[in-house]
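All values below come from the heavy atoms of this structure, side chains included, with hydrogens, waters and symmetry mates left out. Just so it is clear, the model here is predicted, and its values are computed rather than measured.
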Amino acid sequence: MENSGPENAHVLDNPIWNALQTGNRGMAQGSTQAAYFNAAIAPFAGMPQLSEEGWLQLQAADRPEGDVFILFSTAAIAVPQPWKVLAQLPLYQMVYAHRQAPQVKQGAAMVSLTAQDVPAMLELTRLTNPGPFRNHTIDFGHYYGVKHEGQLVAITGRRLRPLPYHEVSAVCTHPDFLGRGYAAQLIARQVQLILEEGGIPFLHVKDDNTAAVKLYEKLGFETRTAIVCTVLALKA
C-alpha cells in the first residue's frame, strides 16, 4: 500500500492512514481504500480519502460485535449508513520541533514495560482514560512506566508512526501520584528516544485538557492543528 492523499496535504493531516502505510505498515490490515489495526491492538482506521468504496471495505472488516472504529480528520466528517457516530471529540495535534529533548527532573526510576505488565496497564488506563488501550496495545512498543512499591503508577508509550513522525501516547498517572513529575519525565524519555531514531515527536490531546496542554507546551510541544476524533460503529 502506498502513501496517498491530496498532493499538498501534510502527512499529519491524515495520521492514521499514513501511519498504516509507513511506520505501522507491519500492523496494517485492510486494503488500498481502508486500513486499520487488529482490534486487539487499537480501534484506529484510516482511508486515503473518504470514499464509498472505503466505507464498504471498512464495513467488511472482521471485528468483534459492537466494536468501534476511530478516525482522525482535520474537520468533522459525514458518516454514511449503516454507520452511527458515537462521539466526535476535538483534539489538538502538537509537534515537538526541537533537536534536543527537554531537560526535566529525574525524580523516579523508569522501567521498560512488558507483556507481564499489561493487566496493570489496562487497570491504570481504565482509571485515567488517556485514550484507547487494549490487550495488545503494548505491541506498538516503547512503553515505559514508573512503579511505586510494585504498583504501576504512571506510563507513557508510542502509537502511530506516520513517518518521520512518532506519536507519544498513553500518557497517564494514577490520581494518587499526580504532581510528582512522572509524566514529564516519561514524555522526555520518549522524546529523547524518538530524536535518537531520527524521528519527530508529536501527540494528540483533548482540547479541554488544559493541564495536559500546559505540560506539553512547557516541555516544548507546539500546537500544529486541530483534529477531530470520530468514534463510530455499525448500527445494530
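- Taking D208 as the reference, K206 meet the side chain to side chain contact (heavy atoms under 4.5 Å, CB included) condition, with sequence neighbours excluded.
- Between L203 and F221 there is a side-chain heavy-atom pair separated by less than 4.5 Å.
- The backbone N or O of M47 lies less than 3.5 Å from a partner atom in the side chain of N14, making a donor-acceptor pair.
- With contacts defined as side-chain heavy-atom distances shorter than 4.5 Å, the pair I187/L215 qualifies.
- Crowding of D176 atom CG: a count of heavy atoms from other residues, nucleotides or ligands under 6.0 Å exceeding 12.
- Side-chain atoms of N209 come within 3.5 Å of backbone N or O of A212 as a donor-acceptor pair.
- The local environment of CD in E196 is crowded, with over 12 non-hydrogen atoms from other residues, nucleotides or ligands closer than 6.0 Å.
- Members clustered with F177: M110, Y144, V146, V153, Y182, L186, L193, by chain and number, using a 4.5 Å side-chain heavy-atom cutoff among hydrophobic residues.
- Atom NZ in K105 sits 10.0 Å away from atom CD in Q185 (nearest 0.5 Å).
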Tell me, with the steps shown, if T128 and T173 meet side chain to side chain contact (heavy atoms under 4.5 Å, CB included). CA-CA 7 Å; T128 58; T173 302; over 6 Å; no

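- With rounding to the nearest 0.5 Å, the separation of OH in Y96 from CD1 in I194 is 11.0 Å.
- Under the 4.5 Å side-chain criterion, counting only non-hydrogen atoms from C-beta, R25 is not in contact with L20.
- N24 places a side-chain N or O within 3.5 Å of a backbone atom of R161 that can act as its donor or acceptor partner.
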Verdict with reasoning, V205 to M94, per side chain to side chain contact (heavy atoms under 4.5 Å, CB included): CA-CA 8 Å; V205 59; M94 306 183 74; 3.9 Å; yes

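- Counting only N and O atoms by type, the side chains of T230 and Q88 include a donor and acceptor under 3.5 Å apart.
- Note on L234: it clusters hydrophobically with I77, by side-chain heavy-atom contacts below 4.5 Å among ILVMFWY residues.
- Distance alone, capped at 3.5 Å, places no donor-acceptor pair between the T223 side chain and the T225 backbone.
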Kindly indicate, with the supporting measurements, whether the criterion side chain to side chain contact (heavy atoms under 4.5 Å, CB included) is fulfilled by F140 and E167. CA-CA 10 Å; F140 283 118; E167 184 190 27; over 6 Å; no

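- Interatomic distance, CD1 of I138 versus CD of Q116, reported as 10.0 Å (0.5 Å rounding).
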Might you work through the side chain to side chain contact (heavy atoms under 4.5 Å, CB included) test for H166 and R159, ending with a clear yes or no? CA-CA 7 Å; H166 298 234; R159 189 169 62 189; over 6 Å; no

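- Residues N18 and Y165 form no side-chain contact, since every pair of their non-hydrogen atoms from C-beta on lies 4.5 Å or further apart.
- Residue L56 shares its hydrophobic cluster (ILVMFWY side chains chained together at separations under 4.5 Å) with no other residue.
- Side chains of D139 and M27 form a contact here, defined as non-hydrogen atoms less than 4.5 Å apart.
- Note: F37 and F44 have perpendicular aromatic rings, judged against thresholds of 30 and 60 degrees for the angle between ring planes.
- Side chain of T137 to backbone of I41: a donor-acceptor contact under 3.5 angstrom is found.
- Between C172 and T125, the shortest heavy-atom contact is SG-CG2, 4.1 Å.
- Annotation: salt bridge (Lys or Arg N to Asp or Glu O under 4.0 Å) contacts involving residues 108-135, sequence neighbours excluded, comprise D67-R134, D117-K147.
- Across I227 and L12, no two heavy atoms sit closer than the pair CD1-O, 4.2 Å.
- The main-chain N or O of L163 is found under 3.5 Å from a side-chain atom of T22 such that the two form a donor-acceptor pair.
- Considering every non-hydrogen atom in both L71 and A45, the closest pair reads CG-O, 3.6 Å.
- Taken from OG in S73 to CD1 in I16, the straight-line distance is 9.0 Å, to the nearest 0.5 Å.
- Taking hydrophobic clusters as Ile, Leu, Val, Met, Phe, Trp and Tyr residues chained together by side-chain heavy-atom distances below 4.5 Å, L219 shares a cluster with V171.
- Separation of atoms CE (M121) and CG (N135) is listed at 11.5 Å; rounding is to 0.5 Å.
- Ring centroids of Y143 and F133 are separated by less than 6.0 Å, placing the two rings close together.
- Under the 3.5 Å distance criterion, the side-chain polar atoms of H98 are left unmatched by any main-chain donor or acceptor of Q100.
- With hydrogens and angles disregarded, no donor-acceptor distance shorter than 3.5 Å links the side chain of Q93 to the backbone of F202.
- Criterion: ILVMFWY side-chain heavy atoms under 4.5 Å apart, direct or through other members. Under it, I155 and V111 are part of a common hydrophobic cluster.
- In plain terms, the two heavy atoms of W17 and G46 that are nearest each other are CE3-O, 3.3 Å.
- With hydrogens and angles disregarded, a donor-acceptor distance shorter than 3.5 Å links the side chain of D13 to the backbone of H10.
- Cluster annotation: I200 and L195 are assigned to distinct hydrophobic clusters (Ile/Leu/Val/Met/Phe/Trp/Tyr, side-chain heavy-atom contacts under 4.5 Å, transitive).
- For the atom pair H142 NE2 and L113 CG, the distance stands at 13.0 Å (nearest 0.5 Å).
- Closest non-hydrogen pair, A188 versus V104, comes out as CB-CG2, 3.8 Å.
- At distances below 3.5 Å, not a single donor-acceptor pair connects side-chain atoms of Q33 with backbone N or O atoms of S51.
- Through ILVMFWY side-chain contacts below 4.5 Å, L178 is grouped with nothing and stands alone.
- Under a hydrophobic clustering in which Ile, Leu, Val, Met, Phe, Trp and Tyr are joined whenever their side-chain heavy atoms come within less than 4.5 Å, directly or via other members, Y36 and V79 fall into the same cluster.
- At least one side-chain heavy atom of L127 sits under 4.5 Å from a side-chain heavy atom of H174.
- Applying the salt bridge (Lys or Arg N to Asp or Glu O under 4.0 Å) test to R158 and every residue at least two apart in sequence or in another chain returns E197.
- At a threshold of 4.5 Å between non-hydrogen side-chain atoms, the residues C229 and H204 do not count as touching.
- Between P162 and P15, the shortest heavy-atom distance links the atoms CB-O, 3.7 Å.
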